[in-house]
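Quick notes on the structure that follows.
Fair warning: this is a prediction, and the values are worked out from it, not measured in the lab.
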Amino acid sequence: MASRKPLVMGNWKLNGSKAFTKELIEGLKTELAGVEGCDVAIAPPVMYLAEAEAALVGSKIALGSQNVDVNVKGAFTGDISTEMLKDFGAKYIIIGHSERRTYHKESDEFIAKKFGALKEAGLVPVLCIGETEAENEAGKTEEVVSRQIDAVINALGVEAFNGAVIAYEPIWAIGTGKSATPAQAQAVHAFIRAHIAAKSQAVADQVIIQYGGSVNDSNAAELFTQPDIDGALVGGASLKAPAFAVIVKAAAAAKA
Ligand SMILES: O=C(CO)COP(=O)(O)O
């Protein structure tokens with residue numbers, strides 16, 4: 001089995017300011033100095049990519065974004081392109097977050113298009129998938145995550161997951177303080193990896209599958225003991241440097 005380096009990424013969502021961006025990054029640089037064994041990325045709002053890029057100079061923390069649009073240039077008012085993100089040195093791009101699926105009615109097919117646009121641009125898609133509480137209670141978790149993964153496989157082929165990241169974020173666990181248990185998350189992560197392995201074992205072995213949903217400095221270490229949990233996509237706890245650093249260090253220690 002390929003060994004996978006964990007990735008812990010902060011999704012700042014709609015939070016921050018120019019000053020906050022600089023301060024939080026300075027804090028992260030201090031807290032994470034000398035920490036090895038875990039890739040780290042942050043996705044501030046795109047408004048603050050310039051401040052973030054400048055503050056990250058000399059640091060191994062990678063820059064990311066919370067979304068991208070599918071067109072590269074032209075008359076698409078309000079859109080942000082892959083090339084613009086690259087211009088700021090962004091690398092890991094979140095797509096298909098449940099908040100965008102819900103509030104912006106993004107479909108599996110549209111998200112697969114974004115995945116393709118990122119691959120074409122040489123950026124790393126961080127594809128968010130996950131079921132609602134009702135779907136979970138109806139026993140539909142595997143059906144939902146399969147459908148969300150298959151939209152990408154059908155459009156682009158399983159090889160598109162080479163070098164890509166999947167974030168399993170059960171919607172009932174996001175921002176609720178009610179994280180999935182390590183065993184619950186592991187079961188779904190193993191299912192996702194097996195689902196991809198049915199098409200290509202090699203692709204499945206290398207794909208990073210992060211867990212997201214109320215990950216914090218006290219539950220992260222236990223989640224990372226699970227073999228198919230390769231890091232985390234962190235919302236609320238990524239807005240505080242000490243808490244986020246504890247999560248990164250927990251991943252580095254668990255996967256060493
Ligand atoms: O949605 C998330 C990350 O993308 C998770 O958010 P919380 O960590 O705030 O639950």
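- Looking at every heavy atom in both residues, A160 comes nearest to L156 through CB-CB, 3.8 Å.
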From CA spacing to verdict: side chain to side chain contact (heavy atoms under 4.5 Å, CB included), M9, I94: CA-CA 10 Å; M9 179 159 179; I94 299 170; 3.7 Å; yes
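- Linking Ile, Leu, Val, Met, Phe, Trp and Tyr residues whenever their side-chain heavy atoms come within less than 4.5 Å leaves Y48 and V46 in two separate clusters.
- Closest approach of T82 to A121, counting heavy atoms only: CB-CB, 3.6 Å.
- The shortest distance between side-chain heavy atoms of P45 and Q66 falls below 4.5 Å.
- Judged as a salt bridge (charged side-chain N to carboxylate O under 4.0 Å, His left out), and not counting sequence neighbours, E53 has no contacts.
- The CD1 atom of I95 lies 11.5 Å from the CZ atom of R100; values are rounded to the nearest 0.5 Å.
- We find the OG1-CD1 distance between T141 and I129 to be 10.5 Å, quoted to the nearest 0.5 Å.
- Hydrophobic cluster membership differs between V144 and F110, with clusters built from Ile, Leu, Val, Met, Phe, Trp and Tyr side chains linked at under 4.5 angstrom.
- For the pair I171/E131, no side-chain contact is recorded, criterion being any heavy-atom separation below 4.5 Å from C-beta on.
- By the criterion of side-chain heavy atoms lying less than 4.5 angstrom apart, applied directly or through intervening Ile, Leu, Val, Met, Phe, Trp or Tyr residues, V152 is not grouped with V70; the two fall into different hydrophobic clusters.
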Take K199 and E159 through the test salt bridge (charged side-chain N to carboxylate O under 4.0 Å, His left out) and record every step on the way to the result. CA-CA 9 Å; K199 293 273 189 319; E159 306 292 329; over 6 Å; no
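- Nearest heavy atoms, E169 versus C128: OE1-SG, 4.1 Å.
- Between L223 and P182 the shortest heavy-atom distance is CD2-CA, 3.8 Å.
- With hydrogens and angles disregarded, a donor-acceptor distance shorter than 3.5 Å links the side chain of K114 to the backbone of V68.
- Between the D205 side chain and the A202 main chain, no donor and acceptor come within less than 3.5 Å of each other.
- Put simply, CG on D230 and CD1 on I208 are 5.0 Å apart, with the number rounded to the nearest 0.5 Å.
- Taking 4.5 Å as the limit, some side-chain heavy atom of V126 sits within range of a side-chain heavy atom of Q210.
- Shown here is E135, whose CD atom has more than 12 heavy atoms of other residues, nucleotides or ligands within 6.0 Å.
- Y211 contributes a side-chain N or O that, together with a main-chain N or O of G213, makes up a donor-acceptor pair within less than 3.5 Å.
- Judged by distance alone, the side chains of D150 and H195 do bring a donor and an acceptor atom under 3.5 Å apart.
- Note that CD of Q206 is 15.0 Å distant from NZ of K5, once rounded to the nearest 0.5 Å.
- Side chains of D39 and V8 form no contact here, defined as non-hydrogen atoms less than 4.5 Å apart.
- Relative orientation of the F115 and F161 rings is perpendicular, given thresholds of 30° and 60° on the angle between their planes.
- Counting non-hydrogen atoms of neighbouring residues, nucleotides and ligands closer than 6.0 angstrom, the CD atom of E26 exceeds 12 such neighbours.
- Proximity of a side-chain donor or acceptor of N71 to a complementary backbone N or O of K73 within less than 3.5 Å is not detected.
- Hydrophobic clustering, with ILVMFWY side chains joined whenever heavy atoms are under 4.5 angstrom apart, groups I166 together with V215.
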Which donor-acceptor pairs under 3.5 Å do side chains of residues 240-256 form with protein atoms, sequence neighbours excluded?
from: K249; atom 1: NZ; to: E31; atom 2: O; distance (Å): 3.3
from: K255; atom 1: NZ; to: F224; atom 2: O; distance (Å): 2.9
from: K255; atom 1: NZ; to: Q226; atom 2: O; distance (Å): 2.8
from: K255; atom 1: NZ; to: I229; atom 2: O; distance (Å): 2.7

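- A heavy-atom distance below 4.5 Å is found between the side chains of E133 and K178.
- Side-chain contact check for T225 versus Q186: every heavy-atom pair is 4.5 Å or farther apart.
- Salt bridge annotation for E143-K140: absent, with no cationic side-chain nitrogen under 4.0 angstrom from a carboxylate oxygen.
- A distance of 9.0 Å separates CD1 in I149 from CZ in F191, rounded to the nearest 0.5 Å.
- Considering only heavy atoms from C-beta on, D228 comes within 4.5 Å of R4 through its side chain.
- Contact check for T132 versus W172: no side-chain heavy atoms found under the 4.5 Å cut-off.
- Taking CG of N162 as the reference point, atom NZ of K119 lies at 6.5 Å (rounded to 0.5 Å).
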Could you walk me through whether L63 and L56 satisfy the side chain to side chain contact (heavy atoms under 4.5 Å, CB included) test, starting with their C-alpha distance in whole Å, then the side-chain angles of each, then the deciding distance to 0.1 Å, before giving a yes or no? CA-CA 8 Å; L63 190 53; L56 285 171; 3.9 Å; yes
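- Under a hydrophobic clustering in which Ile, Leu, Val, Met, Phe, Trp and Tyr are joined whenever their side-chain heavy atoms come within less than 4.5 Å, directly or via other members, V188 and I153 fall into the same cluster.
- Smallest separation of non-hydrogen atoms from P170 and A180: CG-CB, 4.4 Å.
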Please test T21 against L49 for side chain to side chain contact (heavy atoms under 4.5 Å, CB included), starting from the C-alpha separation and ending with a verdict. CA-CA 9 Å; T21 298; L49 286 181; over 6 Å; no
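- The shortest heavy-atom contact between S98 and I174 is OG-CD1, 3.3 Å.
- Just one of V124, V165, L85 meets the side chain to side chain contact (heavy atoms under 4.5 Å, CB included) condition when paired with I93; it is L85.
- K86 NZ: more than 12 foreign heavy atoms inside a 6.0 Å radius.
- S238 places a side-chain N or O within 3.5 Å of a backbone atom of G235 that can act as its donor or acceptor partner.
- Within the structure, every pair that satisfies the ring pair (Phe, Tyr, Trp, His ring centres under 6.0 Å) test and touches residues 10-41, not counting sequence neighbours, is listed here: W12-F20.
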What do the steps show when you test L7 against Y92 for side chain to side chain contact (heavy atoms under 4.5 Å, CB included), and what is the final call? CA-CA 10 Å; L7 170 67; Y92 295 99; 3.7 Å; yes
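- Between the K29 side chain and the A55 main chain, a donor and an acceptor come within less than 3.5 Å of each other.
- A salt bridge does not link E106 to R101: none of the charged nitrogens lies less than 4.0 Å from a carboxylate oxygen.
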